[in-house]
Amino acid sequence: GAVVSQHPSRVICKSGTSVKIECRSLDFQATTMFWYRQFPKKSLMLMATSNEGSKATYEQGVEKDKFLINHASLTLSTLTVTSAHPEDSSFYICSAEDWGDNEQFFGPGTRLTVL
Amino acid sequence: AQSVTQLDSQVPVFEEAPVELRCNYSSSVSVYLFWYVQYPNQGLQLLLKYLSGSTLVKGINGFEAEFNKSQTSFHLRKPSVHISDTAEYFCAVIPTGGFKTIFGAGTRLFVKA
């Protein structure tokens, strides 16, 4: 099956710093990637839909300037949490859609802890 | 708009017992249906999906699910669970012609020895 990787798997940073999370589709091209946030013992909350070569579409309530998304190629999307604060601590998961397959493939997630 | 309801937040069950995790959905259009499993601190892994055809779908790890259109349900079943099945299970839908996945709140399956 298709593989999606995320890097880093875990990151701890100081409050006020920015953190970049990468999401890569390893063996297929993904025109669309999705970024989710998951709170402890909760479901996934869609943050934004990222399309290659265009601006991301953010869900209501998600700050565009806080969570910068770049989808520069068909295999890479990045999420940058800018000026991170403790309340941004969470598990961030990306997924990529293999066009025409009606299925999303999920990355292993990135655990962000902001001190 | 679509919504997914997982009726049980937690399901404790003894090893080798059968289990059913319930999922109901609401949608004004046809949907594709999915079940995912999430182990601690990991991403989601697809268990099975229903796109069309036979309403009984078999997936990995011995799981199966049945699509019931009249009851708008897609319950997940396994005849005999193992300790290693302990995980969070998410039911999800994608509207046909759409691309956003709508997840249920999840059901924590806890298998006891």
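All chains are named by letter (A, B, ...) in the order of the sequence lines, taking the proteins before the strands, and each is independently numbered beginning at 1.
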Residue Lys55(A) excluded, over 12 heavy atoms near NZ under 6.0 Å
no
Does the ring of Phe63(B) carry Lys78(B) above it, NZ/CZ under 6.0 angstrom from centre and within 45° of its axis?
yes
Residue part contacting chain B, namely of Gln38(A), when any heavy atom lies under 4.5 Å
side chain
Any carboxylate oxygen within less than 4.0 angstrom of a Lys/Arg side-chain nitrogen, looking at Glu20(B) and Arg22(B)?
no
Would you call the rings of Phe106(A) and Tyr36(A) parallel, tilted or perpendicular, where under 30° means parallel and over 60° means perpendicular?
tilted
If one checks every heavy atom of Leu44(B) against chain A at 4.5 Å, the contacting part turns out to be both
Gln38(B) portion near chain A, given a 4.5 angstrom heavy-atom threshold:
side chain
